[in-house]
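Take a look at the structure below.
Both backbone and side-chain heavy atoms feed into the values below; hydrogens, waters and symmetry mates do not.
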Amino acid sequence: MKGLPYRIIKRISIGITVLFLLLILSIPIYIYSIRVNAGGLFGEMPNLEELENPKSQLASVIHFADGPEMGKYFRENRNRVTFDQLSPALVNALLSTEDHRFYEHSGIDFIAVVRAIRGVLTLDYAGGGSTLSQQLAKNLFKIRRGEYDGFIAKQNDKLKIIIEKTKEWILASILEQSYSKKEILAMYLNTVDFGSNSFGIKTAAQTFFKQTTDSLSVTQSAMLVGLVQRPSWLSPVRHPERALERRNVVMSQMLKHDHLSKEEFDSLKNIPLELDYSVESHNTGSATYFRSVARNFLISWAKENDYDLFASGLRVYTTIDSRLQTYAEEALKEHMKSLQEIFNNHLEGRLPWINDRGQVIPGFLDRVAKRTPYYRQLVRKYGTKSDSVEILMNKPREMTVFSWDGDIDTVLSPIDSIKYYKHFLHAGFMAMNPHNGHIKAWVGGINHEYFQFDHVKQGIRQPGSTFKPILYAAAIENGYSPCYTVTDAPITFEVYGDPPTWTPANSDDDYEGEIMTIRQAMGRSMNRIAAYMIDKIGPQAVADLGKKLGIESPLAAVPSLCLGTSDLSLYELIGAYGTFVNEGVYTEPIFISKIEDKNGNLIQSFVPKTREVLNDEVAYLMLHMLRGATEEEGGTARGLGYEILENNEVGGKTGTTQNASDGWFMGVTKDLVAGTWVGGDDKPIHFRSWVLGQGARTAMPIYRNFIKKVYKDSTLNITKGKFKKPKSISVELDCNKYGELYQTATDTLGVYDSLNLTVPSIDDIE
């Protein structure tokens, strides 16, 4: 300014001062304008409630009844930890790398900001200027997603970035005022994405190392902190060399900031990653089918109660026992693997979908293919009559398919993959405590990743002879005794249709003409005697009792109902059988006991609905009837074996539908009611031999394997023993005391007054 007049110099000086003052004043005005969204130019800020309760996608955790975690429901697999649950190595690794002056600033590190600006101007970038508090604000409130954009941001992308950054500074300062440093650090680690579907440090520690956050070592902590920068690029699974290099960079920062000695660093940097990697998903772990069923229930419940199942961090406690669930899954898997091998050998290369005459059903595969989502997607894209649909359905492509010996990488067309999968047999299993309705084990199928249809509650199939106990319960209610005798002889019904009559047959005609008690008949599963009894009491009485016993599926009040021709679910059938063990009181099966919020506060407890359906004596008589399958000569459940039946009262019932499309078994003990179904995905898929496909061979082994495992586990408090017997029983249960079954009508035993039960009479033998 040499040579300039003094007055000009003075004016310039004043001008600079004014500009500086205006700049100083404009900063708080600018910040205030953003804070209040002046004129709607800058967009809204999160309100006070959001700042006090920042949004964070917290997975809801579902637990077994005996405590262990069963799984999670999440959009982002995230669970929270507190600062006290973080290992010192993890805290030091994070601060050394991301914000080593964390305890010295109040949300904005002006030294780091100046360094970042200088780096941009000199093209010598030496790190960002964001503090952990600013990164937390960005993670929590998603400022950059456009939700809080104002007029200016919508008009200019560069100004949008400046405004967003300013908002994050403001939020960081507010967070610093609202939370302690430890809380902010823990909140940050709870909100970070570590890749591999793990959001938050707790999930990441479990995913990559199967460790809790308080036990993470220096090398493990450094690797996880290193992932924060670029989770996909630095993935230790896909790019282990990058992850290792980045881990060592983090440890070098720990060395720089005196959290590691030179000797420790030199030693640790040579250690390999040593992952114990396992990504949690809805298809892995225990009770996968149950979790899917529970999810549908919980989504509805959460909506009604103003929660988000996938983000509210609910704690759901189920009735399922982890040990019983494990035994059920093991028993089903062990048997179905061997049964599938038997089925494949039995087919001898033939297609399994056959009609009543044993012939392959033409067009079956095409009809099944048209029900698939992929086919419908092609039709929506190309049209129903387009050749592209057929071409793409038959075009081979790489895929991974299920097998009992492990997943197989192969090349198949979509139509060939459908053909492959339709060769598999499927199963469902459920066990329940009959006294309180608590479901203790639920296995909906053979593999949830590949077959997601649930065969416990979603699957509706004909129950076959497993429905007969409901028929006989109705008969006993109508005055018949377990010792009532009937001749195994043909009986014909007039029905609507062609032919106009129906004459049921036994599966094995060796007993034709034999006189037997209805206990023996049910134990041997004699169809003709079941038909005789429904003719005596009427189909409507049977259907009505079925409804009282909790069967909600339609029951056709027709003679064939006695053989289980109306479709129902395993879930419904087990609820009905539970009534017999529970002294005649129907207890609705339930699978959730209580739900708590993320802080452990009880939201709701669940109690099953109950109703008295049978008196305790009738219920006990039905248990006596069910024991006929394990005690009577020729009983269909005697194959359970001495190990299970010794010193134990066990009731059972097998069931097999026409052509052996469905195999069933129901087992009852004093502590558990359990049942299983086995069959093809579609009814035409079955064994060609009824003997191979009957429930005693396909379904009963699952129950047998399960109950053996249960009795061997002393921690379960499930023991052998007798059913609870009413204080007085007015009916003679030992039918031998009547003398010969075909005694004369002059028998003087008469009729029991309390239940008006009919004793054997020659007049009733037809």
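- With a 6.0 Å radius and a threshold of 12 heavy atoms from other residues, nucleotides or ligands, E69 has its CD atom above the threshold.
- For the atom pair NZ of K333 and CD1 of I446, the computed distance is 11.0 Å after rounding to the nearest 0.5 Å.
- Panel note: side chain R291, backbone S286; a donor-acceptor pair is recorded below 3.5 Å.
- A donor-acceptor pair under 3.5 Å links the side-chain atoms of E572 to the main chain of S553, judged by distance alone.
- Nearest approach of A576 to I470, heavy atoms of both residues: CB-CD1, 4.3 Å.
- Judged by distance alone, the side chains of S196 and T207 never bring a donor and an acceptor atom under 3.5 Å apart.
- Two rings, from F199 and F74, have their centers 6.0 Å or more apart.
- The salt bridge (charged side-chain N to carboxylate O under 4.0 Å, His left out) with E334 is formed by just one residue from the set K708, K709, R704; it is K709.
- Once rounded to the nearest 0.5 Å, the distance linking CG of D276 with CD of Q206 reads 8.5 Å.
- We find the CZ-OH distance between F429 and Y703 to be 8.0 Å, quoted to the nearest 0.5 Å.
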### Query
Where do Y577 and K653 land on the side chain to side chain contact (heavy atoms under 4.5 Å, CB included) test, with the steps shown first?
CA-CA 10 Å; Y577 273 64; K653 189 70 199 79; 3.5 Å; yes
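- A donor and an acceptor atom, one from each side chain of K468 and N527, are located under 3.5 Å apart.
- The aromatic rings of H423 and W353 sit perpendicular to each other, their planes meeting at more than 60°, with 30° as the lower class boundary.
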#### Entry: Test log, rule side chain to side chain contact (heavy atoms under 4.5 Å, CB included), inputs I354 and H686
CA-CA 8 Å; I354 54 178; H686 52 76; 3.5 Å; yes
### Message
Could you go through D682 and R367, starting from their C-alpha distance and side-chain angles, then the distance that decides it, and tell me whether this counts as salt bridge (Lys or Arg N to Asp or Glu O under 4.0 Å)?
### Response
CA-CA 12 Å; D682 300 86; R367 288 193 292 273; over 6 Å; no
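- The main-chain N or O of A696 is never found under 3.5 Å from a side-chain atom of T654 such that the two would form a donor-acceptor pair.
- M666 and T466 make their closest contact through CG-CG2, 3.9 Å (heavy atoms, listed as atom of the first residue, atom of the second, distance).
- Residues K419 and V368 are not in side-chain contact: their nearest non-hydrogen atoms beyond the backbone lie 4.5 Å or more apart.
- The aromatic ring centres of F402 and F451 sit less than 6.0 Å apart.
- Annotation for F706 and A431: closest pair CZ-CB, 4.0 Å, computed over non-hydrogen atoms.
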### Task
Could you give me the CA-CA distance, side-chain angles and deciding distance for H448 and S292, then say whether side chain to side chain donor-acceptor pair (under 3.5 Å) is met?
CA-CA 9 Å; H448 188 264; S292 291; 2.8 Å; yes
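- Side-chain atoms of T715 and R323 form a donor-acceptor pair, as typed in the model, at a separation below 3.5 Å.
- For E341, the CD atom counts as loosely surrounded, since its 6.0 Å shell holds 12 or fewer non-hydrogen atoms of other residues, nucleotides or ligands.
- Of all non-hydrogen atoms in I62 and K72, the two that sit nearest each other are CG2-N, 4.3 Å.
- Here the side chain of T565 pairs a donor or acceptor atom with the backbone of S560 at under 3.5 angstrom.
- No option in L570, T676, V678 other than L570 meets the side-chain contact (heavy atoms from CB on, under 4.5 Å) test with W664.
- The CD1 atom of I685 sits 10.0 Å away from the CG atom of L351 when rounded to the nearest 0.5 Å.
- Using a 4.5 Å cut-off on side-chain heavy atoms (C-beta onward), F364 and P352 make no contact.
- Using a 4.5 Å heavy-atom threshold, the side chains of R238 and S232 count as touching.
- K683 and D567 are joined by a salt bridge, as a carboxylate oxygen and a charged side-chain nitrogen come within less than 4.0 angstrom of each other.
- The CH2 atom of W690 sits 11.0 Å away from atom CG of L692, with the distance rounded to the nearest 0.5 Å.
- By the 4.0 Å N-to-carboxylate-O rule, R688 lies too far from E348 to be salt-bridged with it.
- More than 12 heavy atoms of other shown residues, nucleotides or ligands fall within 6.0 angstrom of atom NZ in K210.
- For the atom pair N436 CG and T587 OG1, the distance stands at 8.0 Å (nearest 0.5 Å).
- Side-chain contact between I718 and L324 is present, with at least one heavy-atom pair separated by less than 4.5 Å.
- Of the possible polar contacts, none joining the T657 side chain to the A660 backbone as a donor-acceptor pair under 3.5 Å is found.
- For the pair K440 (side chain) and T319 (backbone), a donor-acceptor distance under 3.5 Å is present.
- For the pair W301 and I592, the minimum side-chain heavy-atom distance is 4.5 Å or more.
- When atom types are taken as modelled, the side chain of R376 and the backbone of P373 share no donor-acceptor pair closer than 3.5 angstrom.
- Using modelled atom types, one side-chain atom of Y289 and one backbone atom of N447 make a donor-acceptor pair closer than 3.5 Å.
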### Message
Is there a ring pair (Phe, Tyr, Trp, His ring centres under 6.0 Å) between F297 and F591? Walk through the geometry before answering.
### Response
CA-CA 10 Å; F297 168 80; F591 47 75; 5.7 Å; yes
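- Scanning both residues, S566 and P463, for their nearest heavy atoms gives O-CD, 3.1 Å.
- Using a 4.5 Å heavy-atom threshold, the side chains of S60 and I595 count as separate.
- The two residues T318 and S593 come nearest to each other via the heavy atoms O-OG, 3.8 Å.
- The aromatic rings of Y571 and W442 lie tilted to each other, with the angle between the two planes from 30° to 60°.
- Less than 6.0 angstrom separates the ring centroid of F453 from the ring centroid of H455.
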#### Entry: Chi angles and distances behind the side chain to side chain contact (heavy atoms under 4.5 Å, CB included) call for V668, F580
CA-CA 9 Å; V668 298; F580 305 140; over 6 Å; no
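- At least one side-chain heavy atom of M522 sits under 4.5 Å from a side-chain heavy atom of L626.
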### Task
Take E643 and K712 through the side chain to side chain contact (heavy atoms under 4.5 Å, CB included) test and state the conclusion after the steps.
CA-CA 11 Å; E643 183 180 349; K712 288 178 180 178; 3.6 Å; yes
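- Within the 3.5 Å criterion, the main-chain N or O of T698 finds a donor-acceptor partner in the side chain of H335.
- Side-chain contact of Y421 with D681: a donor-acceptor pair under 3.5 Å is absent, judged by distance alone.
- Using a distance-only test at 3.5 Å, with no hydrogens or angles considered, a donor-acceptor pair links the side chain of S198 to the main chain of G195.
- D407 and T400 form no side-chain donor-acceptor contact under 3.5 Å, judged by distance and modelled atom types alone.
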